[in-house]
Amino acid sequence: MITVRYAPSPTGKLHLGNARPALINWLFAKANGGTYVLRLDDTDTARSTEGFAKGIETDLTWLGVTPDLKVRQSDRTALYDAARDKLVASGRLYPAYETEEELEIKRGRARLLGRPPVYDRTALELTAEDKAKLEAEGRKPHWRFKLDGKPVHFTDLIKGPQTVNTASMSDPVLIRADGSYLYTLPSVVDDIDLAITHVIRGEDHVSNTGTQIEIFEALGGTVPAFAHHNLLTGADGEGLSKRIGSLSLEELRVAGYEPMAVAIMATLTGTSVALEPYPDLASLGNALTLSMISHGSARFDPAELDSLNARILHQMPFETAASRLAALGITSEPVWLALRGNLKRFDDIADLKTLIDGPVASVIADEDREFIAKAGELLPAEPWDLSTWDLWTAALKSETGRKGRGLFHPLRLALTGREQGPELRSLLPLVGRKASLARLS
Ligand code: GLU
C-alpha cells in the first residue's frame, strides 16, 4: 500500500513551484491506488499562520487535490519528544552551547585554514560539570544529531543512485535553544508514524535525505523510497522570482487561469511529456511516471501557460463548462461551441456573448456600403443553421464578384464590429435573421 505526503509550511502562499510536489505526489498516489497525506509543517510558530494554512487547502482544492488525511506538526509534539528522548538515550542527540557568534568565529577560522566550515563537535567533549557551569551562566543548549560519517547511499526514483557524504556535513541542529524543533526530526518522525512509503520532494532536499536516512535508522524506522524532482525556474534559469511564475496560485486563480492549465504546467514542465491539454488529473497522472521527470532544469515559460490555457478552453466540452456558464447566464451548447475557440480566459465568454446578443457597433466602410446593402437583400429566409453562411456568401459572391477577404471581411465588420472573432458560420444562426439584418443596415 502506497502512502505519500505533501508537506508545505504555512508560512506563505503557495506558488507554482509549490504546486509541483503537491501534484506529483497526488498523481503518483492516485495512479497507484495510494493514500495522500497533507502535512502542515507548522513547527515554526512565529511564521506559521492560520490564514496561510487555509489558503493552502483552498489552493489544493482548486487544483483538484483533496487529501485523504490531514495532519499538523503542531499537534504532534509528544511524538517528537519521544523520538528526542530515544536519540538522547542512544547518544545520537547531544547538547551544544555555542552561540551563533561563536559558531561564526569557528567557521571563519576554518575558512582561513582552507578547511570546510564543518562543526568541530567540541560539545561532545563537555563533561557534566562543564555543562552545569554553562547552564548556571544562563546558557541553554541546542541539540545536534551525531552523524555517522559514512556515505549514505540511496536509489532515487527520479535521479537514480545517489550518495550523500555526511562526513562533510555539520551535525545538524534538530532542536533550537528555545526547545522548538527544526523541520528535520519531526519530518522523519511523521514519515515513520504515518507509514509513508514514498517521499517525493524537490531536489533541494537531497542532502537532507542523507541526514534523514540516518535518523530513520537511528529511530528504528523503515526508510521510505525517495524521489527528488527538479525545481521550476523562470525562463532565465533563475528561481521562480519574476513575472508570472512567481505568482501565487491565488493570483493565477483570480487572473482566470484554468486549474488544469496550471496543474499541467506545474507538473509537466521539465519532463519528457509534451505540454498538452489533459481533461483531468487522472489522465494527466496516466501520462506521467516519475522516471519521465528530467534530471535537468524545469524552465517555466508564462507564454506556454497562456497557450495551454487557451487550448484547454478551445477543446472544453459543454458539460465541463456548463455550471460555470450557467453562473454567467449561458445555458446553450451551440453558444459555447461557437465562442469557445476564441477564449483566452473562461470569463472572456461574457464579452464574446455580446456578439450574439448585442449591442454591436457595426462598422461599414464607405466603399463597402453598396456591398453590405446587397448582403442584406440576399440574406436567406429562416430557419438558419450551420449551412446558412455558405449559402449566403456563395450567393453574394456570384452577385457581386467579390471573393476572399474582400467578400468576408466587410461582413465580419458589419455583423460584429470587430476585426477578428468567432467563426461567422457558427455565429450567424445564433444571431438570427432579424438582428443580422439590423446590423447590415
Ligand atoms: N516543509 C518542507 C518543505 O516545504 C517539507 C519537505 C519535505 O517534503 O520533506 O520544504
Side-chain angles (χ1 to χ4, degrees), residues 2-29 34-49 52-53 55-57 59-60 63 65 67 69-77 79-80 83 145 152 154 156-159 162 164 172-174 176 180-216 219 221-233 239-240 246 248-249 266-267 290 293 298:
I2 283 173
T3 304
V4 300
R5 85 294 196 283
Y6 172 53
S9 301
T11 54
K13 292 182 181 180
L14 295 188
H15 58 74
L16 205 66
N18 307 124
R20 188 168 179 80
L23 286 156
I24 293 175
N25 274 288
W26 175 257
L27 300 174
F28 180 76
T35 302
Y36 185 96
V37 179
L38 171 62
R39 183 185 90 198
L40 291 182
D41 284 4
D42 59 351
T43 53
D44 183 349
T45 48
R47 289 171 59 229
S48 301
T49 74
F52 289 138
I56 287 171
E57 293 205 32
D59 291 339
L60 291 180
L63 287 172
V65 170
L69 175 68
K70 297 178 206 167
V71 298
R72 286 175 176 244
Q73 292 195 323
S74 56
D75 293 336
R76 302 167 58 82
T77 315
L79 285 170
Y80 313 145
F145 179 73
V152 179
F154 65 97
D156 191 293
L157 296 180
I158 296 169
K159 299 165 83 71
Q162 301 289 307
V164 178
V173 176
L174 300 189
R176 299 184 187 90
S180 65
Y181 290 96
L182 282 105
Y183 144 82
T184 314
L185 175 64
S187 180
V188 173
V189 172
D190 288 335
D191 289 342
I192 295 171
D193 182 61
L194 299 167
I196 300 299
T197 58
H198 293 74
V199 170
I200 306 171
R201 57 186 177 185
E203 63 190 3
D204 50 336
H205 282 287
V206 170
S207 61
N208 271 345
T209 295
T211 307
Q212 289 184 325
I213 287 176
E214 285 198 18
I215 301 177
F216 274 102
L219 290 173
T222 306
V223 180
F226 286 92
H228 295 91
H229 62 77
N230 48 8
L231 303 177
L232 285 187
T233 67
L240 278 188
S246 66
S248 62
L249 295 181
T267 311
L290 292 178
I293 297 174

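In each ligand, atom 1 is the first atom listed, and ligand 1 is the first ligand listed.
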Participant: Among all protein non-hydrogen atoms, which one is nearest to atom 4 (O) of ligand 1, and what is the separation to 0.1 Å?
Facilitator: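 Result for atom 4 (O) of ligand 1: A7 O, 3.5 Å.
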Participant: Specify side chain, backbone, both or neither for Y6, according to which of its non-hydrogen atoms lie closer than 4.0 Å to ligand 1.
Facilitator: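 Looking at Y6 and ligand 1, no heavy atom falls under 4.0 Å.
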Participant: Which of these, D41, D204, D191, has its nearest heavy atom closest to atom 1 (N) of ligand 1?
Facilitator: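 Looking at heavy atoms only, the winner is D41.
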Participant: For Q212, state whether at least one heavy atom is located under 4.0 Å from any atom of ligand 1.
Facilitator: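 No heavy atom of Q212 comes that close to ligand 1.
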Participant: Judged by modelled atom types alone, do R201 and N25 share a side-chain donor-acceptor pair under 3.5 Å?
Facilitator: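 Result is no, nothing qualifies.
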Participant: Just verifying a value: how many Å separate D156 CG and Q162 CD, rounded to the nearest 0.5 Å?
Facilitator: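 With rounding to 0.5 Å, CG (D156) is 5.0 Å from CD (Q162).
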Participant: Rounded to the nearest 0.5 Å, what's the gap from CG on L157 to CG on L290? Could you check?
Facilitator: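 Taking CG in L157 and CG in L290, the distance rounds to 6.0 Å.
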Participant: With a 4.5 Å limit on heavy-atom distance, are the side chains of T197 and P224 in contact?
Facilitator: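 Side chain of T197 against side chain of P224, heavy atoms only: no contact under 4.5 Å found.
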Participant: In ligand 1, which numbered atoms sit nearer than 4.0 Å to a non-hydrogen atom of H205?
Facilitator: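 Taking each heavy atom of H205 in turn, ligand 1 has 3 (C), 6 (C), 10 (O) under 4.0 Å.
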Participant: Relative to the heavy atoms of S9, which atoms of ligand 1 are at a distance of less than 4.0 Å?
Facilitator: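 Listed by number with element: 1 (N).
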Participant: Please report which non-hydrogen protein atom sits nearest to atom 9 (O) of ligand 1, along with the residue it belongs to and the distance in Å to one decimal place.
Facilitator: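 Ranking protein heavy atoms by distance from atom 9 (O) of ligand 1, first comes Y183 OH, 2.6 Å.
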Participant: Should you measure from each heavy atom of R201, which atoms of ligand 1 turn up under 4.0 Å away?
Facilitator: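 Every atom of ligand 1 under 4.0 Å from some heavy atom of R201: 7 (C), 8 (O), 9 (O).
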Participant: When you check the gap from the basic side-chain N to the acidic O, do K70 and D75 get nearer than 4.0 Å?
Facilitator: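 No.
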Participant: Can you figure out which of H228, Q73, R5 has its heavy atom closest to atom 8 (O) of ligand 1?
Facilitator: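 Among H228, Q73, R5, the closest heavy atom to atom 8 (O) of ligand 1 belongs to R5.
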Participant: Are any of the side-chain heavy atoms of I215 and L185 separated by less than 4.5 Å?
Facilitator: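 Yes, close enough: below the 4.5 Å cut-off.
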Participant: Atom CG in D204, atom CG in N230: separation rounded to 0.5 Å?
Facilitator: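 Rounded to the nearest 0.5 Å, the CG-CG separation comes out at 11.0 Å.
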Participant: Could you say whether the N/O atoms of I200 and ligand 1 ever approach to under 3.5 Å?
Facilitator: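 Min N/O separation from ligand 1 is not below 3.5 Å for I200.
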